[in-house]
Number of protein chains: 2
Amino acid sequence: MPEKVANSTRLKVNQAIAVTGYTTNAMARSLRLGRSNMILVVAPDIGDPNFSNILIGLENEARSHGYGVLIGHTQNDAQRGLEYLKFLNSNQAAGLILFTGILPFGHQTMTARLPPSVGVFEPVFNGGIPYVGVDDIAGARKAVDLLIAEGHRKIAFIGDSRTRLAYSRRRMGYEAGLDAAGIGPDLRMVLEGDGTIESGRLAVEQLFMRDRLPTAFMCVNDQTAIGVMIGLKTRGYDIPEDFSVTGFDDVPQAVFMTPSLTTIRQPRTAIGKHAMALLLELLSDGQPAETEILLRPDLVVRNSVSAPARIRR
Amino acid sequence: MPEKVANSTRLKVNQAIAVTGYTTNAMARSLRLGRSNMILVVAPDIGDPNFSNILIGLENEARSHGYGVLIGHTQNDAQRGLEYLKFLNSNQAAGLILFTGILPFGHQTMTARLPPSVGVFEPVFNGGIPYVGVDDIAGARKAVDLLIAEGHRKIAFIGDSRTRLAYSRRRMGYEAGLDAAGIGPDLRMVLEGDGTIESGRLAVEQLFMRDRLPTAFMCVNDQTAIGVMIGLKTRGYDIPEDFSVTGFDDVPQAVFMTPSLTTIRQPRTAIGKHAMALLLELLSDGQPAETEILLRPDLVVRNSVSAPARIRR
DNA sequence: TTGTACGCGTTATCAC
DNA sequence: GTGATAACGCGTACAA
């Protein structure tokens, strides 16, 4: 409401509002302004335990600025992504939050005209989009350093991936830690994986078919670690007596595992909050103040790590 | 597009669309129609493990009908609820999905004019709003029946609540099962709880201060069961050797507990799908076809239940 | 300081 | 079948 209205008229207006129960029509407003007050959040999997807390952060920040959060669930299906692209094209969303480094719009991805956007977790493929994540290298480094401090020297890395930048960064932290401790790299100790529980189980099977076993499994995320623990238990081994295991993310169930999982915590709510704040800033200023915000991940020590023991063969 | 346009003009129109990349402006459309294509989903806690899969169901169904899902997180705070009420009043949402049986709009709840709404899990307080949930009585009955079949006769019920209808219904199932087995009710075996992990721990402490222990703990939900298991383990007991435990919900981490939790599965994605379908039906027809949809919950047998053993005192 | 008129992009209506 | 026109409610610019 402008400043230059006289107090008398302002009073009358307010009274009229009270009497009629007037509320401004957001549709008309958006139409006139050519911009809505909705932010579209597109994630491949809403059910991902890593997602929900991020959403809380996103939502709180948006709401406190009068924005609403529209959610989109693509399941890595380009067809679904396209439907959300329609949302954007029809001006239903003023901004876009993207998860896991991909533009989910299939073959139209390259030509799509996007509103101001911010990525979460990883920089978005083909760049130009600022993002908020965690310092993966530093986080992974904390995990290796712990294992090395406990006396491990044969540490496997489970879940390397060329397509997920966060994963390859975590591997970089792993290698840096090994290097700092004077442990030479051993490629046989690095196994690929897509971050699923199954990929963790599979990695254990593969390693047991080789002649050289690690004493510790450093996993690219908690899901992988859970798979590794299942695989190890199935073979009758005890954790951490026989093998140590670390994860990354600090997913809700990490604390309920037996043994509870030592892992690296992502400050999820804070990531969501920062990502939304950055997007809203973009929306008003037009220019990104920062192109990359990396939060500090913390080591959470639980019970899945101990000093290495003699391994039975 | 109307039927009565000639093929020749239709062709020209489609060509023009292809050339200019026209997309209909949803704002103008909503303004003209006086109705948006957004559904507001309000939940007290987005991070609730019970919530995310429901959301998937809601979202899929909505999207396939051209609707978007707007999410609201109230944290049981009436103030936040009011902000979402604004969304509704400004015509930003055509319909409303409510969780856990309460209207989250504080003191304005009674006077609020609501759009077509559907409840999830429990009927919404003060009624008139159709809802989709699970047959809690039948579900609880499956759990007691299993315990009774294993030979238990002293079965505690943890998590009774007068405010949450779903919980009191689960208690009804519990009592019906006891009754059917000719086991008289014992009020000392029924403990209150709000469905949190802490309430489960507390219940264990309370029971151990009494003179008569159960051989099994039937919990109102998985969180409570997790708390009970923690409490029991802390006291050095083995599950299910010393005590059996059942939950309700089949939350994702239930399978990762040690022992894995025997529980009652809620078909979450299906609940979400049905709730949204019902709402969309309401939106077009105006009249609710059904006022209550109860889905069938399934018993998931895992490792937290066995026959009762002699209890050490 | 206040009032008024226009246009945002649709859809619905009505005359052609 | 087709084309023109009004109206949805708001923000803005300009006249009073």
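Fair warning: this is a prediction, and the values are worked out from it, not measured in the lab. To find a chain, count down the sequence lines: A is the first, B the second, and so on, and within it residues start at 1.
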Peer 1: Would you say A:Arg63 has more than 12 foreign heavy atoms packed within less than 6.0 Å of its CZ?
Peer 2: yes
Peer 1: Let me confirm one number: the CG-CD1 distance from A:Asn221 to A:Ile264, rounded to the nearest 0.5 Å.
Peer 2: 12.5 Å
Peer 1: Taking it one step at a time, do B:Leu98 and B:Leu103 satisfy side chain to side chain contact (heavy atoms under 4.5 Å, CB included)?
Peer 2: CA-CA 7 Å; B:Leu98 288 164; B:Leu103 247 25; 3.2 Å; yes
Peer 1: Summarise how protein sits on nucleotides 11-16 of chain D as a single string, 5' to 3': B when a protein heavy atom is under 4.0 Å from the base, S for sugar-phosphate-only contact, - for no contact.
Peer 2: BS----
Peer 1: Within the structure provided, determine whether A:Ile56 and B:Asp45 are in side-chain contact (heavy-atom separation under 4.5 Å).
Peer 2: yes
Peer 1: Which atom pair, heavy atoms only, marks the closest approach of A:Ala94 to A:Pro116?
Peer 2: O-CD, 3.6 Å
Peer 1: Applying side chain to side chain donor-acceptor pair (under 3.5 Å), which residue pairs with at least one partner in residues 69-81 of chain B are found, sequence neighbours left out?
Peer 2: A:Asn60-B:Arg80, B:His73-B:Gln75
Peer 1: Have a look at A:Ser90 and say if it touches a base, only the backbone sugar-phosphate, or nothing, with a 4.0 Å heavy-atom cut-off.
Peer 2: nothing
Peer 1: Give the stems involving DNA chain D, where a stem is 3 or more consecutive Watson-Crick or G-U wobble pairs (i with j, i+1 with j-1, and so on) under 3.5 Å.
Peer 2: C:3-16 with D:1-14
Peer 1: If only side-chain N and O atoms of B:Thr9 are considered, is one of them under 4.0 Å from the OP1 or OP2 phosphate oxygen of D:dG1?
Peer 2: no
Peer 1: In whole angstrom, give the distance that lies between atom CG of B:Asn89 and atom P of D:dC10.
Peer 2: 13 Å
Peer 1: Verify the distance criterion only: is there a donor paired with an acceptor across the side chains of A:Asn37 and B:Gln92 at less than 3.5 Å?
Peer 2: yes
Peer 1: Can you tell me how far CG of A:Leu55 sits from CZ of A:Phe51, rounded to the nearest 0.5 angstrom?
Peer 2: 4.5 Å
Peer 1: Could you state the atom-to-atom distance from CE of A:Met27 to C1' of D:dC8 in whole Å?
Peer 2: 12 Å
Peer 1: Heavy atoms of chain B, cut-off under 4.0 Å: which first and last nucleotide of DNA chain C, 5' to 3', fall inside that, if you could look?
Peer 2: C:dG9 to C:dA12
Peer 1: Got a sec, which pairs hit side chain to side chain donor-acceptor pair (under 3.5 Å) with one end in residues 18-33 of chain B, sequence neighbours left out?
Peer 2: none
Peer 1: Does the side chain of A:Phe121 reach to within under 4.5 Å of the side chain of A:Asp136, using non-hydrogen atoms?
Peer 2: no
Peer 1: Report all side-chain donor-acceptor pairs from residues 267-276 of chain B shorter than 3.5 Å, counting only partners two or more places apart or in another chain.
Peer 2:
unit_1	atom_1	unit_2	atom_2	d
B:Arg268	NH1	B:Asn50	OD1	2.8
B:Arg268	NH1	B:Asp249	O	2.9
B:Arg268	NH2	B:Asp250	O	2.7
B:Lys273	NZ	B:Glu61	OE1	3.2
B:His274	ND1	B:Ala270	O	2.9

Peer 1: Let me know, please, whether A:Ala28 or B:Asn7 comes out on the 5' side of the other along DNA chain D by nearest nucleotide.
Peer 2: B:Asn7
